[in-house]
A.B. asks: 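Attaching a single structure in structure tokens format; questions to follow.
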2 protein chains.
Amino acid sequence: MTQPRTRIQQKNITTILDAALEVFSQYGYRGSTLDQIALASGLSKPNLLYYFPSKDAIHIALLSSLMDTWLDPLRAMDSKGDPKQEILSYMHRKLEMSRDYPRESRLFANEIIQGAPRIKETINGELKELVDAKAKVIQNWISEGKIANVNPHHLIFSIWSLTQHYADFDVQVRSVLAGKEDDPYPEAKAYLDLLFTKLLTP
Amino acid sequence: MTQPRTRIQQKNITTILDAALEVFSQYGYRGSTLDQIALASGLSKPNLLYYFPSKDAIHIALLSSLMDTWLDPLRAMDSKGDPKQEILSYMHRKLEMSRDYPRESRLFANEIIQGAPRIKETINGELKELVDAKAKVIQNWISEGKIANVNPHHLIFSIWSLTQHYADFDVQVRSVLAGKEDDPYPEAKAYLDLLFTKLLTP
DNA sequence: GTCTATATTAAGATAGAC
DNA sequence: GTCTATCTTAATATAGAC
């Protein structure tokens with residue numbers, strides 16, 4: 001789908017991808033059907049297959065179109081900024097993404113839990129290189145005594161897991177907090193702020 | 001399957017559940033087929049359905065037989081023990097479960113991400129009650145000044161997310177650590193020990 | 001570009017012999 | 001209890017009219 005598109009094509013493709021995100025993120029790839037995506041998009045099933053050659057193609061298009069956005073917050077971590085603030089800001093952005101884009105988070109979670117069959121190359125390549133580069137930045141901050149000495153890779157994993165948990169395990173979080181917090185995010189932010197502040201203070 | 005069983009029945013049921021765990025944890029419920037489970041168990045497809053009435057029944061039997069084991073570490077948290085040590089021990093046991101039972105972790109993760117259709121009652125009931133009870137224990141420790149003032153529910157969420165991440169996102173963790181750590185767990189343990197020690201110290 | 005109708009295959013489940 | 005063969009349904013994908 002790299003050809004130039006008319007307005008109606010563009011609009012339908014966007015509609016399909018949004019419907020597919022809704023469905024795939026909730027039921028996983030195999031658990032989702034073209035009928036569900038057709039229903040969610042308001043288009044007919046054969047019409048989906050006019051825009052995409054197959055169900056798989058829709059899924060792949062979704063994953064790759066979202067991968068960049070997903071990694072943007074980590075890319076934004078600036079080696080020239082204030083170390084503790086840069087890491088906290090990265091955590092905040094990730095937490096906001098869980099809150100504002102939970103479907104995207106669950107789409108990736110489903111994919112990775114099931115062995116990342118469709119995005120393994122990206123993980124082994126682009127993602128690993130980005131993480132390694134940022135881990136070096138963090139290691140430099142540690143060497144300069146700006147933050148406490150923690151394993152940079154595991155620090156990044158912990159930011160991922162702590163923030164994505166609120167999107168991926170949303171049902172469980174809300175069940176457990178029922179009657180206490182209607183919106184888990186304000187408390188999550190306060191808790192994670194404290195956690196990372198204490199962790200990173202030398 | 002509450003009737004008394006012969007030895008051969010018992011053995012086959014165990015074999016089926018183990019094969020089902022292998023398959024369901026990797027592909028999710030809908031992504032798994034009875035053919036795959038039959039192949040993994042060494043039994044024929046109709047034979048699976050001699051022991052269980054349906055695919056769904058196998059999945060439900062798996063989930064409920066594992067739920068208890070899954071919550072045991074939290075149950076073991078002792079209000080009369082040393083507060084910081086009890087919480088650290090809980091985290092350690094959860095990390096060991098990720099390392100030793102990653103399939104179980106992914107089975108639950110798949111289920112919860114997709115909205116927990118089959119275990120919502122348990123989450124709203126048994127799980128919530130257990131967490132609320134343990135949150136009270138933690139709150140008492142805080143009131144007594146034994147540990148720092150952190151939100152008990154979010155503390156428990158953070159233990160879940162940080163430890164289960166190593167099982168659920170195993171593929172990603174290992175890809176990112178390729179060439180650095182063959183086994184992520186020793187570094188994970190050291191990192192999480194530091195994290196929770198700093199967090200909980202008043 | 002969009003639809004109805006349909007071909008094709010995969011997967012859950014059952015029948016019935018042994 | 002276990003198997004081969006088969007029924008049935010659901011789901012991907014295509015054909016062909018408009």
Side-chain angles (χ1 to χ4, degrees), chain A residues 1-63 107 110-111 114-115 117-118, chain B residues 1-63 107 110-111 114-115 117-118:
Chain A
M1 285 285 166
T2 48
Q3 287 79 32
R5 297 168 192 144
T6 65
R7 250 157 286 123
I8 190 163
Q9 280 176 327
Q10 191 56 265
K11 183 175 154 293
N12 278 338
I13 287 171
T14 306
T15 305
I16 291 169
L17 288 178
D18 185 70
L21 174 59
E22 185 69 28
V23 175
F24 283 139
S25 67
Q26 183 167 4
Y27 302 104
Y29 177 73
R30 285 283 307 268
S32 304
T33 69
L34 287 177
D35 277 311
Q36 290 175 289
I37 299 172
L39 187 71
S41 67
L43 297 172
S44 70
K45 193 160 54 163
N47 211 4
L48 299 184
L49 296 168
Y50 170 78
Y51 288 102
F52 293 92
S54 66
K55 175 187 174 182
D56 204 51
I58 301 178
H59 194 231
I60 291 172
L62 241 196
L63 284 170
L107 185 81
N110 265 312
E111 177 70 10
Q114 302 189 9
R118 282 160 249 267
Chain B
M1 283 287 167
T2 46
Q3 288 78 30
R5 297 167 190 144
T6 65
R7 251 158 284 121
I8 190 164
Q9 281 177 327
Q10 191 56 265
K11 183 175 154 294
N12 277 339
I13 286 171
T14 306
T15 304
I16 291 169
L17 289 177
D18 186 70
L21 173 59
E22 185 69 29
V23 175
F24 282 139
S25 67
Q26 183 167 4
Y27 302 104
Y29 176 73
R30 286 283 308 267
S32 304
T33 68
L34 287 177
D35 277 311
Q36 290 175 289
I37 299 172
L39 186 70
S41 67
L43 296 172
S44 69
K45 191 160 57 163
N47 210 4
L48 299 184
L49 296 168
Y50 170 78
Y51 287 102
F52 292 92
S54 67
K55 176 187 174 182
D56 204 51
I58 301 178
H59 194 231
I60 291 171
L62 241 195
L63 283 170
L107 185 81
N110 266 312
E111 177 70 10
Q114 302 190 8
R118 282 160 248 267

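Since this is a predicted model, take the numbers as computed values, not measurements. Chain naming here is simple, since letters A, B, ... match the order of the sequence lines and numbering starts at 1 in each.
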A.B. asks: So, does B:Arg30 get its side chain near the phosphate of D:dA11, meaning an N or O under 4.0 Å from OP1 or OP2?
C.D. replies: yes

A.B. asks: With a 4.5 Å limit on heavy-atom distance, are the side chains of A:Tyr29 and A:Arg118 in contact?
C.D. replies: yes

A.B. asks: State whether B:Tyr50 places a side-chain N or O below 4.0 Å from either non-bridging phosphate oxygen (OP1 or OP2) of D:dG1.
C.D. replies: yes

A.B. asks: Tell me which nucleotide among D:dT14, D:dT12, C:dT14 gets nearest to the side chain of A:Pro46.
C.D. replies: D:dT14

A.B. asks: Does A:Ser44 put a side-chain nitrogen or oxygen below 4.0 Å from OP1 or OP2 of C:dT2?
C.D. replies: no

A.B. asks: Find the distance A:Gln10:CD to C:dG1:C1' and express it as a whole number of Å.
C.D. replies: 16 Å

A.B. asks: Any side-chain heavy-atom pair from B:Phe24 and B:Lys55 closer than 4.5 angstrom?
C.D. replies: yes

A.B. asks: Calculate the interatomic distance between A:Leu49 atom CG and C:dT4 atom P; express it in whole Å.
C.D. replies: 15 Å

A.B. asks: Let me know the distance between CG of A:Leu48 and C1' of C:dG1, rounded to the nearest Å.
C.D. replies: 13 Å

A.B. asks: Any heavy-atom pair between the side chains of B:Glu111 and B:Pro117 that's under 4.5 Å?
C.D. replies: yes

A.B. asks: Under 4.0 Å between a side-chain N or O of A:Asn47 and OP1 or OP2 of C:dC3?
C.D. replies: yes

A.B. asks: Let me know the distance between CD of A:Gln36 and P of D:dA10, rounded to the nearest Å.
C.D. replies: 13 Å

A.B. asks: Would you say the side chain of B:Val23 lies within less than 4.5 Å of the side chain of B:Thr33, judging by non-hydrogen atoms?
C.D. replies: no

A.B. asks: Closest-nucleotide mapping onto DNA chain C: is A:Ile8 or B:Asp35 further toward the 5' terminus? I mean the 5' end.
C.D. replies: A:Ile8

A.B. asks: CG of B:Asp56 versus C1' of D:dT9: gap in Å, rounded?
C.D. replies: 16 Å

A.B. asks: Verify the contact: side-chain N or O of A:Thr33 to OP1 or OP2 of D:dA11, cut-off strictly under 4.0 Å; return yes or no.
C.D. replies: no

A.B. asks: Within the pair B:Thr6 and D:dG1, is there a side-chain N or O less than 4.0 Å away from OP1 or OP2?
C.D. replies: yes

A.B. asks: Could you tell me how far apart A:Tyr27 (OH) and D:dA10 (P) are, to the nearest whole angstrom?
C.D. replies: 16 Å

A.B. asks: To the nearest Å, how far apart are A:Leu39 CG and D:dT12 C1'?
C.D. replies: 17 Å

A.B. asks: Whole Å only: how far is the CG atom of A:Leu34 from the C1' atom of C:dT8?
C.D. replies: 15 Å

A.B. asks: Taking only the side-chain heavy atoms of B:Asn12 (C-beta and beyond), determine which of D:dT2, C:dC3, D:dA13 contains the nearest atom.
C.D. replies: D:dT2

A.B. asks: What nucleotide, of C:dT14, D:dT12, C:dG1, holds the atom closest to the side chain of A:Lys45?
C.D. replies: D:dT12

A.B. asks: Begin with the C-alpha distance, continue with both residues' side-chain angles, and end with the deciding distance and a verdict on side chain to side chain donor-acceptor pair (under 3.5 Å) for A:Gln114 and B:Asn110.
C.D. replies: CA-CA 9 Å; A:Gln114 302 189 9; B:Asn110 266 312; 3.2 Å; yes

